[in-house]
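As structure tokens, the structure follows; a few thoughts come after it.
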Protein chains: 4
Amino acid sequence: MKSFASDNYAGVLPEIMESLQKTNKLHARSYGADETTKRATELFRQVFDADVDVYFVFNGTGANVLSISSATQSYNAVLCSDTSHIYNDESSAPETFTGCRFFPLAANDKGKLEPATISERLIRKGDVHYAQTAMLSITQATEYGTVYKPEEIKEIAALTKENGLYLHMDGSRFFNAAASLDCSLSDISSKAGVDILSLGGTKAGMMFGEAVVVFNKELSKHIAYKHKQVMQLASKTRFIAGQFEAMLQNELWRKTATHANKMAELLCKSLSKNRSIKITKPVEANAVFAEIPRGWYEPLQEHFPFYVWKDSTHEVRFMCAWDTQEAEIMAFADAINALAHP
Amino acid sequence: MKSFASDNYAGVLPEIMESLQKTNKLHARSYGADETTKRATELFRQVFDADVDVYFVFNGTGANVLSISSATQSYNAVLCSDTSHIYNDESSAPETFTGCRFFPLAANDKGKLEPATISERLIRKGDVHYAQTAMLSITQATEYGTVYKPEEIKEIAALTKENGLYLHMDGSRFFNAAASLDCSLSDISSKAGVDILSLGGTKAGMMFGEAVVVFNKELSKHIAYKHKQVMQLASKTRFIAGQFEAMLQNELWRKTATHANKMAELLCKSLSKNRSIKITKPVEANAVFAEIPRGWYEPLQEHFPFYVWKDSTHEVRFMCAWDTQEAEIMAFADAINALAHP
Amino acid sequence: MKSFASDNYAGVLPEIMESLQKTNKLHARSYGADETTKRATELFRQVFDADVDVYFVFNGTGANVLSISSATQSYNAVLCSDTSHIYNDESSAPETFTGCRFFPLAANDKGKLEPATISERLIRKGDVHYAQTAMLSITQATEYGTVYKPEEIKEIAALTKENGLYLHMDGSRFFNAAASLDCSLSDISSKAGVDILSLGGTKAGMMFGEAVVVFNKELSKHIAYKHKQVMQLASKTRFIAGQFEAMLQNELWRKTATHANKMAELLCKSLSKNRSIKITKPVEANAVFAEIPRGWYEPLQEHFPFYVWKDSTHEVRFMCAWDTQEAEIMAFADAINALAHP
Amino acid sequence: MKSFASDNYAGVLPEIMESLQKTNKLHARSYGADETTKRATELFRQVFDADVDVYFVFNGTGANVLSISSATQSYNAVLCSDTSHIYNDESSAPETFTGCRFFPLAANDKGKLEPATISERLIRKGDVHYAQTAMLSITQATEYGTVYKPEEIKEIAALTKENGLYLHMDGSRFFNAAASLDCSLSDISSKAGVDILSLGGTKAGMMFGEAVVVFNKELSKHIAYKHKQVMQLASKTRFIAGQFEAMLQNELWRKTATHANKMAELLCKSLSKNRSIKITKPVEANAVFAEIPRGWYEPLQEHFPFYVWKDSTHEVRFMCAWDTQEAEIMAFADAINALAHP
């Protein structure tokens with residue numbers, strides 16, 4: 001099966017499988033005290049052009065919860081988009097572990113948060129009755145496959161700094177964003193004012209593993225302890241670190257993310273020709289959002305699984321991955337044409 | 001480096017690496033809805049000879065916390081050994097996530113809990129002022145490398161049932177215990193009255209991954225939701241399930257765990273000859289606990305890392321793994337002899 | 001000072017002070033095992049015409065958190081109005097203690113939740129990635145001083161039952177609602193399908209103390225333990241129970257709540273005459289919401305404190321209490337006239 | 001009924017009832033912004049001879065949880081006596097709210113913690129796998145009715161400071177301790193190195209209410225927010241503050257605590273004469289612990305309720321309160337004599 005359901009349906013990049021083989025040598029100290037982790041951390045510092053701390057974790061929810069817990073007390077609140085993964089798809093893990101309140105902000109029609117929307121919720125500072133806002137979380141690329149430009153992030157970061165908030169970036173598809181913008185990883189993180197980043201590896205083609213990258217040293221105080229406490233400290237950390245090493249070396253990530261993005265562009269182009277289909281969001285990373293006739297769900301999903309995003313408007317999501325093939329896009333286009341012109 | 005520090009210093013079994021390659025084919029549904037996970041779950045049911053539910057998780061702390069959270073309300077208490085991993089080595093993750101109180105019970109000189117010790121703490125049932133005991137957690141093999149016999153587990157299980165408690169087994173080294181007892185996996189779990197098991201994969205030679213095995217259907221009610229909430233649901237679950245499949249097929253686990261246990265036996269034999277060394281615990285699995293002269297720590301650890309367990313009595317722990325070689329034991333024995341007879 | 005800031009600025013009803021004196025006799029068993037608590041509980045059963053369980057607590061946040069925790073697991077979500085006290089004025093106590101996600105629903109222009117609004121959020125049942133909705137919380141009287149009619153509550157209750165949700169009522173000003181509707185306490189709770197009620201005493205004229213009234217026996221399983229755990233079990237419980245006994249006997253609550261409601265009506269009438277003032281919400285209980293010129297805030301608040309509810313529209317809240325006097329309303333009206341016609 | 005069960009069976013001191021009447025005047029700002037609270041806080045500063053912060057709370061569990069949460073992160077551990085209220089009688093409230101691990105330390109035969117016992121558990125600093133010890137909690141007077149002398153507290157305080165721990169004192173019966181030592185309140189708190197104190201009011205003769213007194217300004221950072229979050233912020237705070245004002249003025253507390261202590265002394269003397277009774281703990285405050293024949297439980301408790309502390313050794317607790325009368329002690333002695341010499 002190949003599918004457009006999610007980039008986490010895809011397997012592992014050959015280069016990553018190779019790196020796992022390479023990492024699997026003899027004994028290594030556990031819990032991140034090994035040489036591979038040391039080397040990978042050093043590579044992060046080069047790539048992000050900053051003296052970052054790196055904490056390797058298992059999955060995206062773990063990365064987000066660790067990031068947030070490093071910056072909050074239990075009486076705090078976190079602002080996030082009402083379409084964000086952290087608000088919709090991580091159960092109540094964020095609350096259970098951090099104790100915080102999560103306030104949803106309305107995303108604009110591109111799935112992004114605007115400074116004005118954020119400003120409106122910066123209220124009741126110092127009021128003990130109100131969960132005190134300590135952090136803003138934005139997603140890059142967004143859950144709608146759109147991308148914040150460096151200057152947009154800078155503007156948001158300036159706003160958070162002025163108001164004593166930390167800025168978290170959920171970068172589950174961070175590589176796709178950087179590939180889309182044709183910029184460095186630091187241009188949209190360290191250099192744009194992000195305090196802490198959940199950097200996604202799994203959807204980019206790793207077997208498992210994400211990284212929490214700390215740019216703001218104020219957030220380093222508790223995080224090593226929370227890393228363990230949040231159940232995200234791997235005993236054989238080297239196998240996450242080694243995958244990231246392979247991903248960052250020679251910008252493997254850019255090659256594979258660019259490919260996925262291009263496949264989405266191609267898919268968008270192909271779908272756009274069809275009058276029964278309406279593309280609903282700008283295609284800036286590896287997702288295509290479209291409204292399609294509801295009657296097509298079933299016949300299409302039989303061979304090409306995808307997610308129904310919003311059934312009320314019959315908006316669906318098609319996701320491309322590192323391994324999506326042009327031929328698959330074409331086959332999918334044919335299937336759609338067959339439905340459109342039976 | 002090869003070491004006696006921990007079995008989590010060891011790498012990944014060749015058979016497991018192979019299985020990972022094999023699993024890495026095309027796309028698969030995420031979050032455990034894939035074919036590999038289905039097959040592995042079926043295999044668990046055969047091997048444990050029971051209609052078990054299986055939840056694949058990332059690490060041991062995650063497995064323990066998920067197990068406990070499936071059986072408790074936040075006003076409950078859990079009884080565990082004062083030497084247990086859950087009490088000493090998982091930060092406050094158990095409390096933070098479950099809200100429960102953890103009461104330590106004195107382990108006997110073999111690192112095991114005795115029914116009488118447990119009975120003494122079955123107090124104040126129904127008293128709202130006292131965190132209400134809901135679960136007992138025992139470790140198999142214990143943190144001291146000793147092993148509960150099937151009849152010992154049955155006796156403890158009977159006691160917990162009579163008192164309305166659930167019985168959890170931390171089986172981080174469960175395979176070593178079954179290999180040591182030369183019994184089936186079910187003999188010391190499903191058939192002995194265990195309600196829920198944290199089954200360790202990482203220390204047994206996997207790259208990452210553990211499994212929570214639910215024997216008592218009462219514990220199935222909330223666990224799927226908690227699995228996600230406790231940040232232990234892998235998107236590419238197939239890569240954990242596939243490893244377990246390889247481990248369980250043809251009892252690969254027995255071969256490798258038996259080897260590790262034998263290496264510990266050999267090491268014990270070798271150390272026993274030395275008058276300056278006192279073996280402190282029965283060697284029943286893959287660990288050797290011994291008191292050695294404190295002056296030996298440094299010269300020995302330079303080449304053969306190990307853990308100092310209790311500095312006050314200079315008790316240390318030597319751990320053998322699936323990849324420990326006889327020659328390494330011999331080299332270690334030589335190094336010790338050189339210290340003993342300089 | 002007398003003020004329109006909040007009904008919790010008022011002191012204690014003379015009848016309540018008397019009852020406290022009366023309760024203060026000799027020794028009594030602690031933690032609710034006393035005779036006064038027994039008698040008061042019996043009185044609750046009569047007054048609510050149902051076999052209720054009653055848990056006396058210290059304050060409103062405690063009552064709400066206890067109510068919610070009795071009906072939820074940590075992976076659950078609770079739906080509440082975006083204007084509710086539980087969402088805006090109880091810090092992150094609800095999250096920290098229950099672990100749950102709180103989803104805000106848009107209140108209508110009368111500050112009430114409509115069934116259609118609720119229905120829209122009854123989504124993703126059984127989806128482990130989404131905090132599972134287990135409860136709906138509504139406020140009676142609402143934070144806007146409006147009141148749900150019995151049939152409105154019944155309709156909402158039917159909706160929650162159909163969807164497997166529990167219905168919680170935050171009745172911080174429940175007496176004002178019943179007085180306004182001229183109905184019995186049971187008409188808008190037990191008989192209308194409410195599962196659990198936070199019944200407010202403090203704002204009604206007690207010194208301290210609220211009651212959690214359990215109508216649905218399913219919620220009785222854990223609540224006695226949670227009562228203690230949530231730090232709301234008073235050692236000298238009799239002094240809360242005794243106040244409620246006085247409040248319920250001969251419907252003292254109706255006399256005092258009706259008075260407060262009438263004062264609000266009078267205030268509303270008086271303010272309505274003034275062209276510069278716009279009454280923004282129906283006055284159905286003891287609050288008046290109005291838009292007034294912003295320049296009036298300061299001169300008015302010097303003698304008659306009140307809350308600015310929404311500065312952007314210069315909407316303010318005037319609250320009447322059991323001890324508000326007609327003469328005070330008149331003096332306030334004069335002060336406003338002086339500002340309007342200087 | 002009069003009883004020796006607990007000092008929380010007693011009612012409210014006449015002076016306190018009077019103060020409640022006096023406080024009940026007109027309107028006052030809520031949530032602690034009132035004049036009574038201001039005055040009471042000022043009085044605390046005089047009495048404790050230090051620039052303390054004071055947070056009025058509802059009950060002892062609330063006071064302890066607020067104190068601990070002000071000094072801890074969720075990955076921390078707290079050391080406390082294995083006989084402490086916080087370890088045995090507050091359900092899992094401490095864990096649920098703070099997330100911390102609570103490690104029990106063995107109390108000596110007087111129910112007190114010794115520095116050597118504490119030192120032994122100051123282990124594994126900086127080890128992420130181990131819940132990091134951040135606080136020590138001691139009880140004054142202890143749960144066994146014994147009292148730490150100022151120099152004992154100073155020694156413990158020095159030990160905690162050296163090791164970067166905060167020192168919490170559970171002063172549920174703090175007034176009894178100060179009366180017993182004939183010292184000032186500051187001698188055994190601010191001047192002895194205590195960082196934060198749970199000061200008990202209810203058992204001392206108040207209707208409800210305790211105070212958290214902060215001596216170490218480092219603990220002031222989060223506490224106002226946690227005060228609300230932990231559900232311990234009273235809307236009509238003046239009624240707690242006013243009771244404390246009455247208690248502190250002219251040292252009312254000393255008069256009443258001294259009386260209770262003397263009654264315990266008298267009871268002890270009276271019991272000591274009886275050969276079948278063994279006094280088990282030094283009587284230094286208002287409790288008497290004794291071993292009595294088990295057959296006496298029932299006939300005695302019919303008229304004079306008391307607690308069975310440890311049934312295995314038939315150790316029971318007799319508690320005296322501010323209202324215990326000499327005649328009651330005598331009547332009790334007679335009842336015992338009748339049992340001893342039937």
Side-chain angles (χ1 to χ4, degrees), chain C residues 1-3 5-14 16-17 20-21 23-31 34-35 57-66 89-93 96-97 99 202-203 206-209 225-236 238-240 305 321 323, chain D residues 1-3 5-14 16-17 20-21 23-31 34-35 57-66 89-93 96-97 99 202-203 206-209 225-236 238-240 305 321 323:
Chain C
M1 183 190 63
K2 252 328 178 29
S3 98
S6 177
D7 30 5
N8 64 28
Y9 275 45
V12 183
L13 281 160
I16 296 292
M17 286 305 295
L20 287 171
Q21 293 282 6
T23 305
N24 189 29
K25 274 183 191 146
L26 296 175
H27 276 203
R29 291 169 67 89
S30 50
Y31 299 115
D34 63 280
E35 292 303 311
V57 300
F58 293 114
N59 66 357
T61 300
N64 287 338
V65 168
L66 177 58
D89 296 290
E90 305 189 351
S91 182
S92 61
T96 303
F97 191 77
T202 315
K203 282 170 181 152
M206 282 171 45
M207 183 182 283
F208 70 108
Y225 299 103
K226 299 235 172 181
H227 187 206
K228 170 67 193 177
Q229 190 198 10
V230 76
M231 298 166 278
Q232 295 290 320
L233 178 55
S235 58
K236 299 183 178 175
R238 57 172 153 162
F239 290 105
I240 305 180
D323 64 350
Chain D
M1 184 190 63
K2 248 342 176 15
S3 99
S6 177
D7 29 6
N8 63 28
Y9 275 45
V12 183
L13 280 161
I16 296 291
M17 285 306 295
L20 287 171
Q21 293 282 7
T23 304
N24 189 28
K25 273 185 192 146
L26 295 176
H27 277 202
R29 292 168 68 88
S30 50
Y31 299 115
D34 63 280
E35 292 304 311
V57 301
F58 292 114
N59 67 356
T61 300
N64 286 338
V65 168
L66 177 58
D89 296 290
E90 305 189 350
S91 182
S92 60
T96 302
F97 191 77
T202 314
K203 283 169 180 151
M206 282 171 45
M207 183 182 284
F208 71 108
Y225 298 103
K226 300 235 171 182
H227 186 206
K228 170 66 193 178
Q229 190 199 9
V230 76
M231 299 166 276
Q232 295 291 320
L233 177 56
S235 58
K236 300 183 178 174
R238 57 173 153 162
F239 292 104
I240 306 179
D323 64 350

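Quantities reported herein were computed from a predicted structural model and do not represent experimental measurements.
Under 3.5 Å, the side chains of C/Lys203 and D/Ser235 contain no donor-acceptor pair of N or O atoms.
In this structure, CE in D/Met207 is found 7.5 Å from OG1 in C/Thr23, a value given to the nearest 0.5 Å. Going from atom CE of D/Met17 over to atom CE of C/Met17 covers 6.0 Å, rounded to the nearest 0.5 Å.
Using a 4.5 Å cut-off between heavy atoms, D/Val57 makes no contact with chain C at all. In this structure, chain C has a heavy atom under 4.5 Å from the side chain of D/Phe239, while its backbone stays farther away. The parts of D/Leu20 that come within reach of chain C are both its backbone and its side chain, each placing non-hydrogen atoms under 4.5 angstrom from that chain. D/Ala10 touches chain C through backbone and side chain together, each having a heavy atom under 4.5 Å away.
Closest approach of D/Asn59 and C/Leu233 over heavy atoms only: ND2-O, 3.2 Å. Contact between D/Thr202 and C/Lys236 at its shortest, heavy atoms only, is O-NZ, 2.8 Å. Between C/Asp323 and D/His27 the shortest heavy-atom distance is OD1-NE2, 2.9 Å. Among all heavy-atom pairs drawn from C/Val12 and D/Asn24, the shortest one is N-OD1, 2.7 Å. When all heavy atoms of C/Tyr225 and D/Ser91 are compared, the pair lying nearest together is O-OG, 4.5 Å.
Here C/Phe208 and D/Phe208 bring their ring centres to under 6.0 angstrom of each other.
Counting heavy atoms from C-beta on, the side chains of D/Lys228 and C/Thr61 come closer than 4.5 Å.
Using modelled atom types, one side-chain atom of C/Gln232 and one backbone atom of D/Met231 make a donor-acceptor pair closer than 3.5 Å.
Per-residue heavy-atom pair counts under 4.5 Å with chain D were compared for C/Ala5, C/Ser92, C/Gly60, and the maximum is reached by C/Ser92.
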